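The structure under discussion appears below in the form of structure tokens.
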Amino acid sequence: MSEGLITIKAGREKPIKQQHPWIFSGAIASASNANPGDIVTVQTHDGQFLGRGYWNPRSQIQVRILTWQDEPIDEAWWRKMLQRAIDSRAPQNTSDLAAYRLINAENDFIPGLVVERYADWLVIQALTLFIDMNKQTIANLLAELLPVKGIYERSDVDVRGKEGLKSVKGKLWGEAPPKHILISESIQFNVDVYNGHKTGFYLDQAPNRQLLSQIITENFAKENICRVLNLFSYTGGFGINALAAGGVDVVNVDSSQDALALAEQNIRLNDLHDQTPGRSWQNIEVDVFDYLHKAVSQNEQFDIIVCDPPKFANNKQQVDRAARGYKDLNLNCFKLIKYGGYLMTFSCSGAISQDLFQKIVFGALADSGRQGQIIKHLGPGTDHPVALTFPEGEYLKGLLLRVY
Ligand code: SAH
């Protein structure tokens with residue numbers, strides 16, 4: 001089979017040589033012998049090999065590089081790359097109920113492919129045309145390399161539109177998953193891979209959820225009830241970890257009824273449902289911004305606030321508006337924290353760097369008139385590696401602050 005050839009404009013090869021995986025249309029001089037979704041060889045204007053990747057002329061990102069070596073993208077390549085990703089998740093693969101990100105797209109050097117493991121099931125997101133065309137082969141190989149009961153696809157994401165693809169969901173291999181998959185992160189959760197957000201669960205926050213429970217245990221005496229406000233709670237991730245620590249009163253706030261219904265089920269699942277003087281909780285279905293304005297006007301006070309909003313900036317153009325959103329949100333959080341309390345605050349916008357996020361939170365702190373200390377910089381767990389050559393991969397960042 002002949003292979004397509006992409007020639008790069010003179011002077012535009014540097015990022016490719018530095019192993020950035022994306023080649024934008026403006027850097028391409030010519031494309032020959034290639035059909036959309038084909039493997040292509042990428043060369044300099046004078047015929048020097050640069051890499052091999054896949055092509056989609058409909059996308060702004062016309063080529064995504066799969067290898068910088070002159071090697072074929074064949075079954076042996078796929079086996080090597082998938083096995084490498086599986087092996088590197090050994091620390092997370094500790095039980096039959098384990099849940100973690102198995103393949104982190106560009107950051108595992110397989111652009112466009114996200115795979116998450118939920119106990120006996122894998123959930124795949126195919127974000128690009130090439131991955132979409134090859135997803136069945138990928139699923140078959142994964143099932144061979146990592147024994148599972150079934151593989152389900154959740155490619156219902158807007159970014160596929162940029163590749164000319166529609167949203168799809170459905171079984172790719174083996175058995176269909178149950179309505180809820182039981183997973184364990186020390187706390188147990190039911191995950192809805194059919195209708196939940198992303199592939200069903202925010203696996204990236206796993207270490208921060210455990211950190212929350214540690215902060216409560218280490219800093220708050222059980223007899224003084226610690227008030228925890230969990231903003232954007234989804235299915236209860238942070239809130240249930242707080243409840244399990246004990247000596248807490250937890251308020252979960254989210255605008256999604258379905259998410260809060262599953263949060264309640266998850267509280268019950270961990271036997272934390274009964275309200276006792278040392279362990280109480282409520283789920284409030286409301287817009288977080290409205291909740292905060294009311295709580296500030298009523299002079300509410302919390303020992304710990306977790307603030308994990310959805311992505312505010314989808315691209316560089318939205319950064320200014322997003323920054324104002326983060327500032328407003330964090331300012332209100334500072335107003336609600338008790339003297340000596342903690343704020344765990346996040347941004348999952350890839351377009352906002354850790355540095356910029358810290359500046360925004362600093363601006364909010366200054367406006368609040370409070371004092372703050374950084375206790376820890378936060379990010380995702382080690383199952384979400386970031387390729388050093390791909391800064392765009394560093395999307396989740398956060399700060400643990402103590403506030404006076
Ligand atoms: N912290 C969660 C993940 C949060 S995802 C975890 O660890 O699992 C973001 C959540 O914010 C979603 O559940 C979504 O329903 C909710 N959300 C988005 N916009 C909101 C708003 N304006 N008010 C309240 N909730 C909102």
Side-chain angles (χ1 to χ4, degrees), residues 1 3-4 21-22 34-40 51-56 59 61 63-69 71-90 92-93 98-157 159-160 162-177 181 193-194 198-200 203 383-385 387 390 393:
M1 196 183 91
E3 193 172 278
W22 293 349
N35 293 309
D38 275 358
I39 295 285
V40 289
R52 189 158 285 128
Y54 60 78
W55 188 60
N56 183 358
S59 171
I61 305 168
V63 177
R64 294 183 201 231
I65 304 273
L66 295 162
T67 179
W68 286 263
Q69 289 168 37
E71 60 178 338
I73 306 300
D74 53 10
E75 194 184 310
W77 182 88
W78 277 106
R79 281 180 184 278
K80 175 184 75 180
M81 297 305 283
L82 298 177
Q83 189 64 53
R84 197 167 97 167
I86 291 168
D87 290 346
S88 70
R89 269 61 171 191
Q92 279 81 25
N93 184 9
Y100 49 88
R101 180 162 290 197
L102 184 64
I103 296 175
N104 196 19
E106 272 75 352
N107 302 293
D108 276 301
F109 310 99
I110 311 177
L113 177 67
V114 171
V115 182
E116 319 227 82
R117 178 181 161 199
Y118 295 109
D120 287 328
W121 278 268
L122 299 181
V123 182
I124 284 189
Q125 280 186 325
L127 304 175
T128 59
L129 176 64
F130 170 82
I131 296 293
D132 196 69
M133 287 164 61
N134 291 278
K135 64 192 176 190
Q136 193 61 59
T137 313
I138 297 168
N140 296 348
L141 273 173
L142 279 170
E144 190 186 313
L145 298 172
L146 185 74
V148 285
K149 287 188 179 156
I151 304 182
Y152 188 74
E153 177 181 17
R154 276 296 302 273
S155 297
D156 48 334
V157 276
V159 285
R160 275 170 60 101
K162 298 185 178 183
E163 293 268 324
L165 296 166
K166 293 202 172 69
S167 280
V168 283
K169 293 197 216 187
K171 197 181 76 174
L172 275 180
W173 186 91
E175 286 174 42
I181 300 177
V193 297
Y194 292 98
K198 304 210 287 186
T199 66
L203 292 168
D383 56 335
H384 287 67
F390 184 63

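Just so you know, these numbers come straight off a predicted model, no measurement behind them.
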* **Residue pairs, two or more places apart or on separate chains, that pass ring-ring contact (aromatic ring centres under 6.0 Å, His included) and touch residues 131-155** => Tyr152-Tyr194
* To do: May I have all residue pairs that pass ring-ring contact (aromatic ring centres under 6.0 Å, His included) and include part of residues 103-137, sequence neighbours excluded?
  => Tyr54-Phe130
* Asked: Could you go step by step and tell me if Asn140 and Glu144 meet the side chain to side chain donor-acceptor pair (under 3.5 Å) rule?
  -> CA-CA 6 Å; Asn140 296 348; Glu144 190 186 313; over 6 Å; no
Any salt bridge between [X] and [Y], counting N to O under 4.0 Å?
X      : Y      : answer
Lys166 : Asp132 : no
Glu153 : Lys135 : yes
Glu116 : Arg101 : yes
Glu106 : Arg64  : yes

* Asked: Val63 and Trp22: side-chain contact (heavy atoms from CB on, under 4.5 Å), yes or no, with the steps?
  -> CA-CA 6 Å; Val63 177; Trp22 293 349; over 6 Å; no
Which atoms form the tightest heavy-atom contact between [X] and [Y], and what is the distance?
X      : Y      : result
Ala99  : Leu203 : CB-CD2, 3.7 Å
Glu175 : Lys171 : C-CD, 3.7 Å
Arg89  : Leu102 : CZ-O, 3.2 Å
Val193 : Arg154 : O-NH1, 2.8 Å

Roughly how far, to the nearest 0.5 Å, is [atom2] of [Y] from [atom1] of [X]?
X      : Y      : atom1 : atom2 : result
Ile131 : Leu165 : CD1   : CG    : 11.0 Å
Ile65  : Arg52  : CD1   : CZ    : 10.0 Å
Thr67  : Ile110 : OG1   : CD1   : 11.5 Å

* How would you list, by chain and number, every residue that makes a ring-ring contact (aromatic ring centres under 6.0 Å, His included) with Trp68, sequence neighbours excluded? -> none
* Worked verdict on Ser155 versus Arg160 for side-chain contact (heavy atoms from CB on, under 4.5 Å) -> CA-CA 8 Å; Ser155 297; Arg160 275 170 60 101; 3.4 Å; yes
* Given the rule in the side chain to side chain donor-acceptor pair (under 3.5 Å) test, do Tyr100 and Arg117 qualify, once you have shown the distances and angles that lead to the verdict? -> CA-CA 5 Å; Tyr100 49 88; Arg117 178 181 161 199; 3.0 Å; yes
* **Stepwise side-chain contact (heavy atoms from CB on, under 4.5 Å) check, Glu3 with Val40** => CA-CA 6 Å; Glu3 193 172 278; Val40 289; 5.7 Å; no
* To do: Applying side-chain contact (heavy atoms from CB on, under 4.5 Å) between Ile103 and each of Asp383, Ile124, Ile138, Leu82, report the one that passes.
  => Leu82
* CA sep, side-chain torsions, deciding dist, call: Leu127, Leu113, side-chain contact (heavy atoms from CB on, under 4.5 Å) -> CA-CA 6 Å; Leu127 304 175; Leu113 177 67; over 6 Å; no
* Asked: Between Thr128 and Glu163, is a side chain to side chain donor-acceptor pair (under 3.5 Å) present by the stated rule, with each step listed?
  -> CA-CA 6 Å; Thr128 59; Glu163 293 268 324; 4.8 Å; no
* Asked: Above 12 or not: heavy atoms from other molecules or residues under 6.0 Å from NZ of Lys162?
  -> no
